[in-house]
Protein chains: 2
Amino acid sequence: MNELLNFDSLNPDLGKNYCSCLSDRPMGDFKHLVLVKFKDGVVVEKLMEGMQNLVAEMDTVKSFEWGQNVLSEDMVTRGFTHMFLLTFRSPNDLATYANHPSHLEYAEKFTAAIDKVLLFDFPPILVKPSA
Amino acid sequence: MNELLNFDSLNPDLGKNYCSCLSDRPMGDFKHLVLVKFKDGVVVEKLMEGMQNLVAEMDTVKSFEWGQNVLSEDMVTRGFTHMFLLTFRSPNDLATYANHPSHLEYAEKFTAAIDKVLLFDFPPILVKPSA
């Protein structure tokens, strides 16, 4: 099974119960963080063109940013070289995005290009907003 | 050596040279992403009070958010349960923060509380801003 597409473990109740510190906060954004190591020879810019088109098309994607790790020590980076951070208005919007045919088509190409992946889905707690 | 405090590998020229896709972008924010797994028994809320005080005190920290992973499969999460994302106006501001006595003092407590860490420093490329 494609681990990028596996949302079985996403429990919509977790925002209320998983961490007591979250229980009093109002429902807000939900973020999907993806760290990857690409296979040798992958042209990242080309892959990102597809991602750019995908997030432009998907109204459920509230915002999207990505970046390349400038740290080089494998001990600290665990080998992950690129990160992708998508913001949604709710876990449901993430699920809608994940199951959309356009995402499924893109995810197939993306998955074929990566050596390894780390997923981190979370309701963000904004302690210090940008001034 | 404390790997949380090791910024030796942070090359300030990387924003210009590391990835050709970055070469044309103006200097902008710089982000410091930390994923951790805490030791059993750690009271995360208590640790976060210290972090809240720290980022409030540090003018070099432009913004700060954190979150707890709602995904539970170790295969996908690699065991990382919490993330911390700090935004700075430049790599220099991150270095100033990292070497500040208040951060060094806090980092000692934080490091004692974690089982493992992953660091990811990057100039963010904002493809889709929040509407």
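Computed over heavy atoms, backbone and side chain alike; hydrogens, waters and symmetry mates excluded. Just so we're clear, the structure is a prediction, and the values are computed from it rather than from any experiment.
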Relative to chain A, which of B:Gln52, B:Lys62, B:Met51 shows the most heavy atom pairs under 4.5 Å?
B:Lys62
Would B:Lys31 and A:Met83 count as a side-chain contact (heavy atoms from CB on, under 4.5 Å) if you check the C-alpha gap in whole Å, the side-chain angles of each, and the deciding distance to 0.1 Å?
CA-CA 11 Å; B:Lys31 299 204 178 191; A:Met83 69 81 72; over 6 Å; no
Contacting moiety of B:Val44, where chain A heavy atoms sit under 4.5 Å:
neither
Quick check: is [Y] connected to [X] through a chain of hydrophobic side chains (ILVMFWY, heavy atoms under 4.5 Å apart)?
X: B:Phe122; Y: A:Leu86; value: no
X: A:Leu35; Y: A:Phe110; value: no
X: B:Ile114; Y: A:Phe80; value: no

Walk me through whether B:Leu118 and A:Thr77 qualify under side-chain contact (heavy atoms from CB on, under 4.5 Å).
CA-CA 5 Å; B:Leu118 186 162; A:Thr77 66; 5.5 Å; no
Looking at A:Glu105, I want to see if its CD is surrounded by more than 12 non-hydrogen atoms of other residues, nucleotides or ligands under 6.0 Å.
no
Counting heavy atoms not belonging to A:Asp59, are there more than 12 under 6.0 Å from its CG?
no
B:Lys128 (side chain) donor-acceptor with A:Phe64 (main chain) under 3.5 angstrom:
no
Is a donor on one side and an acceptor on the other found under 3.5 Å between the side chain of A:Asn69 and the backbone of B:Leu119?
yes
Could you tell me whether the side chain of B:Val70 reaches within less than 4.5 Å of the side chain of A:Pro123, counting heavy atoms only?
yes
Gap between atom [atom2] of [Y] and atom [atom1] of [X] - 0.5 Å precision:
X: B:Leu33; Y: A:Phe120; atom1: CG; atom2: CZ; answer: 8.5 Å
X: B:Glu65; Y: A:Asp29; atom1: CD; atom2: CG; answer: 9.0 Å
X: B:Ile125; Y: A:Gln68; atom1: CD1; atom2: CD; answer: 8.0 Å

So, the part of A:Leu85 with a heavy atom under 4.5 Å from chain B: the answer is side chain
With a 4.5 angstrom heavy-atom cut-off, is it the side chain or the backbone of A:Thr87 that approaches chain B, or both, or neither?
neither
Taking all non-hydrogen atoms of both residues, which atom of A:Pro129 and which atom of B:Ser63 are closest, and how far apart?
C-CB, 3.9 Å
Could you walk me through whether B:Val127 and A:Trp66 satisfy the side-chain contact (heavy atoms from CB on, under 4.5 Å) test, starting with their C-alpha distance in whole Å, then the side-chain angles of each, then the deciding distance to 0.1 Å, before giving a yes or no?
CA-CA 8 Å; B:Val127 172; A:Trp66 68 285; 3.6 Å; yes
